[in-house]
Amino acid sequence: MKDCIFCKIINGEIPCYKIYEDDFVLAFLDISNDAYGHTLVVPKKHYETIMTCDNSTLAKVMQVVKKIGNHYIDNCGFDGVNILNNNGEAANQSVKHLHIHIIPRKKDDKMIVSNFFCGKVLSSDAKNLTICPFEEGGNLEEICQTLKISDTQDVVLDGQNAVVLYSDGACSGNPGAGGWATILSYKGKEKVLSGGEKETTNNRMELMAVIQGLESIKSNLPVQVFSDSAYVVNAFEKKWLEFWRSNNWKTASKGEVQNKDLWQRLLALTEKLDVKFNKVKGHSDNVYNNRCDALAREEIAKLQN
Ligand code: 5GP
Ligand code: ZN
């Protein structure tokens with residue numbers, strides 16, 4: 001929304017110290033710097049209050065609040081968090097874009113946290129009412145470096161009018177029997193594909209998972225691919241593929257590019273479709289990556305029986 005300060009932050013028109021970001025939600029440090037790590041979590045779409053926000057977006061915002069709260073407690077040395085939210089002027093909401101405040105707390109930090117005073121510039125005679133006494137000051141940039149969640153592990157399922165494609169490949173022995181699987185989703189509908197090959201490699205199965213997924217897409221919608229394979233993601237993100245192609249499918253050290261057949265097949269698909277590659281951590285807490293992994297392994301088991 002025009003003239004909304006948080007929309008401007010979301011659009012990158014105003015800088016912020018980013019703690020976390022995904023397709024729907026942004027978390028950044030509060031400019032008031034009144035308590036170490038005072039964080040704001042906002043939906044990327046403009047909603048004024050919790051009451052006017054749609055349930056699915058609100059759930060995403062609260063999931064990020066939970067994720068950051070856990071992160072501050074598990075990884076950043078805090079013992080608790082205050083989670084605050086103001087709705088409407090009467091309730092002291094000063095920025096009319098839904099936001100949740102997270103205030104990290106330490107045992108015995110002696111802070112008194114209140115919705116009313118958080119983030120407000122306090123007049124001098126109100127000093128003894130300071131609710132978030134943050135006496136050390138603190139450099140927001142350094143605080144941000146310390147607290148931010150860099151490795152986004154979130155499951156993205158509804159890619160803002162894009163098809164979301166999770167993929168994984170597995171191999172028993174390398175080379176050996178291999179399996180691949182892909183889960184595509186669009187507006188709540190899911191398509192699951194998997195397959196296997198008797199004699200293959202892990203990288204070939206990672207590539208095959210994405211190829212089969214992309215080949216099954218019948219629309220021109222943009223596609224967000226989520227893979228745990230650095231081999232696949234870096235080839236696009238780090239432009240290895242462009243280099244290989246311009247170098248007549250030779251590597252920088254003049255060797256043959258491995259899996260050229262599959263790379264060419266994948267390249268043709270990415271020229272036809274608008275595809276963005278995203279790296280996810282494998283064998284972690286991403287349920288879709290884990291489901292793909294399990295399906296790929298089932299395919300291997302089928303070949304071995
Ligand atoms: P509210 O009073 O609406 O619950 O909280 C609004 C919060 O937004 C305040 O804590 C205030 O410090 C913060 N804020 C206002 N403008 C900016 C800004 O430009 N950048 C950041 N990071 N925070 C802001
Ligand atoms: Zn806004």
Side-chain angles (χ1 to χ4, degrees), residues 1-69 71-72 76 78 80-105 109 111-124 126-127 129-150 152 160:
M1 205 184 85
K2 217 169 122 268
D3 298 332
C4 167
I5 193 139
F6 288 174
C7 281
K8 285 184 180 160
I9 288 177
I10 292 157
N11 295 334
E13 289 167 53
I14 296 179
C16 70
Y17 294 102
K18 218 175 266 184
I19 294 294
Y20 171 86
E21 180 172 18
D22 63 32
D23 282 357
F24 304 95
V25 181
L26 178 68
F28 52 96
L29 291 179
D30 192 296
I31 202 78
S32 66
N33 202 6
D34 53 359
Y36 185 99
H38 181 171
T39 303
L40 300 172
V41 183
V42 303
K44 286 191 168 173
K45 200 167 154 200
H46 181 93
Y47 294 99
E48 198 165 318
T49 64
I50 282 193
M51 277 66 73
T52 53
C53 182
D54 77 81
N55 287 350
S56 137
T57 303
L58 186 59
K60 286 178 178 126
V61 170
M62 292 316 289
Q63 277 159 17
V64 171
V65 168
K66 176 176 167 183
K67 183 186 186 82
I68 293 175
H71 170 65
Y72 287 174
C76 303
F78 291 98
V81 289
N82 288 109
I83 293 170
L84 314 172
N85 161 252
N86 302 327
N87 295 279
E89 248 170 64
N92 304 311
Q93 180 178 12
S94 59
V95 178
K96 293 185 173 50
H97 182 127
L98 164 60
H99 53 279
I100 312 286
H101 299 257
I102 304 178
I103 320 272
R105 300 296 303 274
D109 62 13
M111 289 206 306
I112 306 160
V113 174
S114 136
N115 281 28
F116 185 76
F117 289 102
C118 254
K120 300 286 181 298
V121 178
L122 296 166
S123 65
S124 55
K127 269 234 167 84
L129 292 175
T130 303
I131 307 297
C132 303
F134 179 47
E135 283 166 11
E136 290 156 40
N139 176 323
L140 282 177
E141 183 155 4
E142 276 171 25
I143 297 172
C144 182
Q145 286 303 324
T146 312
L147 297 181
K148 76 176 175 192
I149 302 181
S150 47
T152 300
Q160 290 184 332

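All ligand and atom numbering here is 1-based and tracks the order in the structure. Because the structure is predicted, anything quoted here is derived from the model rather than measured. For the single chain, residues carry numbers from 1 onward in sequence order.
- Ligand 1 places these atoms under 4.0 Å from at least one heavy atom of Phe28: 21 (C), 22 (N).
- Under the 6.0 Å cut-off for aromatic ring centres, His99 and Phe6 qualify, their centroids lying closer than that.
- Under 4.0 angstrom from ligand 1, there are no non-hydrogen atoms of Leu84.
- Atom numbering of ligand 1 starts at 1 in the shown order; those under 4.0 Å from a heavy atom of Ile5 are 19 (O).
- Near Ser32, meaning under 4.0 Å from any of its heavy atoms, are these atoms of ligand 1: 12 (O).
- Qualifying side chain to side chain contact (heavy atoms under 4.5 Å, CB included) partners for Ile50, counting only residues two or more places apart in sequence or in other chains: Leu58, Asn85, Asn87, Leu98, Ile100.
- Between His46 and His97, the ring-plane angle classifies as perpendicular under the 30° and 60° cut-offs.
- The backbone N or O of Asp22 lies less than 3.5 Å from a partner atom in the side chain of Lys44, making a donor-acceptor pair.
- Cation-pi contact between Lys60 and Phe24: present, with separation from the ring centre below 6.0 Å and deviation from the ring axis of at most 45°.
- Looking at Thr57, its side chain never comes within 3.5 Å of a backbone N or O of Cys53 through a donor-acceptor pair.
- Around the Zn ion (ligand 2), the protein contributes the following N, O or S atoms under 2.8 Å, ordered by chain and number: Cys4 SG, Cys7 SG, His46 ND1, His97 ND1.
- Thr146 places no side-chain N or O within donor-acceptor distance of the main-chain N or O of Cys144, the cut-off being under 3.5 Å.
- Annotation for ligand 1: atoms under 4.0 Å from non-hydrogen atoms of Leu40 are 8 (O), 13 (C), 23 (N).
- Residue contacts with ligand 1, taken as heavy atom pairs separated by less than 4.0 Å, involve Ile31 via backbone and side-chain atoms alike.
- With a 4.0 Å cut-off on non-hydrogen atoms, Asn92 touches ligand 1 through its backbone and not its side chain.
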